[in-house]
Amino acid sequence: MNREPLTLTLEPKSIAACSNLPAELTFLGNALQHQADVFLKSRDHDIIIDLAPTGTGKTKAGLSVLLHQPNKTAIYIAPTNALVYQQKEAAEKFVRDAGLNHVVISISAKEVQAWSNDRVGSRPGEKIYNLLRNPATIFPEIGANRPVLLVTNPDIFYYAAFFKYNKLDQVNIASSFYSKFATVIFDEFHLYDAKQLVSLLFYLALSKVFGFFKQGRRVVLLTATPEPACEEAFKSLEAEGVKIARIDGEAENTHLLPSQTSVQLQLRPELERDQLLKEIADEICQRFQNKSNQNGAVILDSKDYINRLADLLKARGYGQYFGRITGSTPAQERLWAAQQPIILATSTVDVGFNFERHPDPPRQNLDWLIFSTRDRASFWQRIGRVGRVLGKLETHIPSDAIAYLPDIAWEQGLTDLDLSGGREALKQKLSELPCLERPFLKAYWQSEAFLEIARPLLEMEEMLDNLSGSELILQLFETLKLTLGGKRTWQDYRYRMKVLRAAEKLSKTSLKSIKKEWKYIKGGQALIKRFLGAKYPERLQEIDAGIVTLEEWEEEFREYEDVAEELKDFAEELSISYTPLFQFRSTLFESLHIFDPHGLLLDQSEETDLDPIHLLRYYEFATQDEDIVVTSRVEIPYQISFRWRYFGSRQEFLNTQINKLIVLKNSNIERKMGDAIAPTPLLNQLETSLLPGVIICPISSAVAFYRLKKERIPSYPITVRCNDVEKEYAFVPGIAGILTVAMSGLKIRLLDEENFWIA
């Protein structure tokens, strides 16, 4: 099929200025209409969605809602720590200008750890709870009983709302997050992944069911490109009586101010690595030679691609003209990189990074942009970065952009695009391309991951046991079920969560304590049934038939240590096997601190943190006095694979382990170049005794395996050595991979013989 580039012009964009600013907002000076609309709509709406384009002051719009309840605590959730610190400064300025009494405090795991342990103790949850109760408890210098404006990230929000903090603090901090905030602002929520959106939608449903909206809570969602799946969820909430206002910042057609220049856009099919990077390097050099006074950027999804592109530019003599911004770039170096005429960046700049330059040029900060994209949200986010002119003196200079789309887009009808139709025609066409969809949102909500909602619901149900309001738990579940699309009942999820909670507790309990305290473990009997069903199904049948009682089995666990140990091992494996469904970050290993003296990843600094898998695949490195020093980049990436010894026949393995969410015990990691193994001591440091994931056969499950490759979702070769044969399969460790496999029609079982299903 013909995959020739397509060229079109995107017309300039404008946004409406406010001609009749509410008196309460006069301190803003020259405000935009969408900022005033958010403030006005928040008087009588529960949820306000600001759809203004990126870079048009949505932060101020969201913060304006504080003015309705100026003496009450609020929270601002930004998607990354870098944006948290940036928005803290913006919030402090807003609070000063508005004359509010809020104390603005940013919260990240690192900051909470740095707070003094002398006043309330060392536990993070304990500190955050006391901060919300009275900020002077942690920071006595700010004065007593002032309202707090927390600025934090989705991780903190999720851990608080889903009872993830220490057992001693779970109830206190969750209760505070549920009830304390009068204003809740979610920034850039279109960039949230499925798990982050679950916590957001859970909070919205809870606010409705428990009456917090009636008490005046206002939730502001800031997004330029809402996901269709989220829109469906919002419609479900509206049907339940939640009042939602949508503010379109570009709907007004009077008092218009230029916001983005015209953009000469070329759509190109994505190429193989070396060809793609050479083509981009040629474009950069040509642009710099022809118009050296212009500034531009390249945004690619791969850190490795960005660093190889940097190598190409250095080889051509352009090393002094670019700066890199990736997840590994330290904060100070990011500021330096943003001042270079050529910026090479990964998706880390998608969130809150404004490419500001000093001194501020009279025209746009980016004259040209080259980027790749895998979905519609990132396309519109990135195209919105080039040619921004809101508040600029020169607004007529056109901009250029090149977008690399998946080459299958041409097969799916991209060539039918009306090249004279501008932005609207492009928006319509991109919305029709299946390759740009984010399929995991609805799939995640409607899969076994829906089970994680049961944890906070179960905790709340037990808190409200025999109290007024306990009936709201079932109502909240049904609201979430309607909103997210789940199919199973609360009774089913409650039972399974009790089993998992018992497994978590039992796995951390000594054998001696198990014998003494077994009857005090909530969900213990349900866990025994799961254990018997998975390990000894015939014994469970005897219990169901009344031949043997469950109490007799409990006596077995109390009297015989080997039986108790087997149960404890099962509990540990069961608990860990569900980790991919519940963990907030999907990386296999914690980041490592590395040194980069040769500038292979960094331009100015010499040390940073790096994902171990990235290090192992793309670099040679050495250990010097326990420090990891990167020495060179490899031309062909290493392959990371696993080895696992299964004690049984291959047929037993196929019957019991394949296509199942299991836990690998004492697996080994290998680093290969072709068939040659490259040993390194680092592998021994990374290896863990228990590693959860799914093993599939790339041949018999070819559709699922192909889709993993197509979606660029990590899977790893794994050699399984059985008693009678050794064979290679594919190991899928993360939730994205597990969902992809399930969505491809492969039936996945769980360790307790439940089925992983998608509604």
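Bear in mind the structure is a predicted one, so any value in this text is a computation, not a measurement.
Between Y76 and F186, the ring centre distance reaches or exceeds 6.0 Å. For Y203 and F177, the distance between ring centers is not under 6.0 angstrom. For F379 and F371, the distance between ring centers is under 6.0 angstrom. Between F731 and Y716, a ring centre-to-centre spacing not shorter than 6.0 Å is recorded.
The heavy-atom pair separating P692 from S577 by the smallest distance is CB-CA, 4.1 Å. Across P330 and E607, no two heavy atoms sit closer than the pair CG-O, 4.1 Å. Closest heavy-atom contact between L682 and L615: CD2-CD2, 3.8 Å. The shortest heavy-atom contact between M460 and F202 is SD-CZ, 4.3 Å. Across all their heavy atoms, A337 and I343 have their closest contact at O-CG1, 3.5 Å. Nearest heavy-atom pair across S328 and L602 is O-CD2, 3.5 Å.
In the model, R218 has no side-chain atom that pairs as donor or acceptor with a side-chain atom of T183 under 3.5 Å.
Note that CG of D611 is 6.0 Å distant from OG of S591, once rounded to the nearest 0.5 Å. Note: I738 CD1 to L581 CG = 6.0 Å, rounded to the nearest 0.5 Å. Taken from CD in E478 to OG1 in T483, the straight-line distance is 10.5 Å, to the nearest 0.5 Å. Taken from CG in L500 to CD in E452, the straight-line distance is 12.0 Å, to the nearest 0.5 Å. To the nearest 0.5 Å, atoms OG (S108) and OH (Y85) are separated by 3.5 Å.
Ring orientation note: the planes of Y619 and H614 are tilted relative to one another, at an angle of 30° to 60°. Using a 30° and 60° split on the angle between ring planes, Y493 and F477 fall in the tilted class, from 30° to 60°. Taking the six-membered ring for Trp and thresholds of 30 and 60 degrees, F595 and H593 have ring planes more than 60 degrees apart, a perpendicular arrangement.
Here the side chains of L344 and I325 are not in contact, with every heavy-atom distance at 4.5 Å or above. Put simply, the side chain of V219 reaches to within 4.5 Å of the side chain of L204, judged on heavy atoms. A 4.5 Å side-chain heavy-atom check between F355 and V349 finds at least one atom pair inside the cut-off. For the pair I77/I185, no side-chain contact is recorded, criterion being any heavy-atom separation below 4.5 Å from C-beta on. Counting only heavy atoms from C-beta outward, the side chains of L150 and V104 never approach each other to under 4.5 Å. Two residues are said to be in side-chain contact when any heavy atoms from C-beta on lie closer than 4.5 Å; K127 and R119 fail this criterion.
Distance alone, capped at 3.5 Å, is enough to place a donor-acceptor pair between the Q381 side chain and the D350 backbone. T152 places a side-chain N or O within 3.5 Å of a backbone atom of I107 that can act as its donor or acceptor partner.
No more than 12 heavy atoms of other residues, nucleotides or ligands sit less than 6.0 Å from atom CD of Q113. Few gaps surround NZ on K164; more than 12 heavy atoms of other groups in view lie less than 6.0 Å from it. For K303, the NZ atom is densely surrounded, since the number of other residues' heavy atoms within 6.0 Å is greater than 12.
Figure legend: R455 and F163 shown without cation-pi pairing, the cationic atom not lying both under 6.0 angstrom from the six-membered ring centre and within 45 degrees of its axis.
Of the candidates V220, T80, V151, T59, T59 is the only one forming a side chain to side chain contact (heavy atoms under 4.5 Å, CB included) with D187.
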Report the C-alpha distance between N153 and Y158 in whole Å, list the side-chain angles of each, state the deciding distance to 0.1 Å, and finish with yes or no for side chain to side chain donor-acceptor pair (under 3.5 Å).
-> CA-CA 9 Å; N153 56 49; Y158 175 82; over 6 Å; no

Apply salt bridge (charged side-chain N to carboxylate O under 4.0 Å, His left out) to R123 and D169, showing your working.
-> CA-CA 8 Å; R123 298 191 309 272; D169 307 309; 2.7 Å; yes

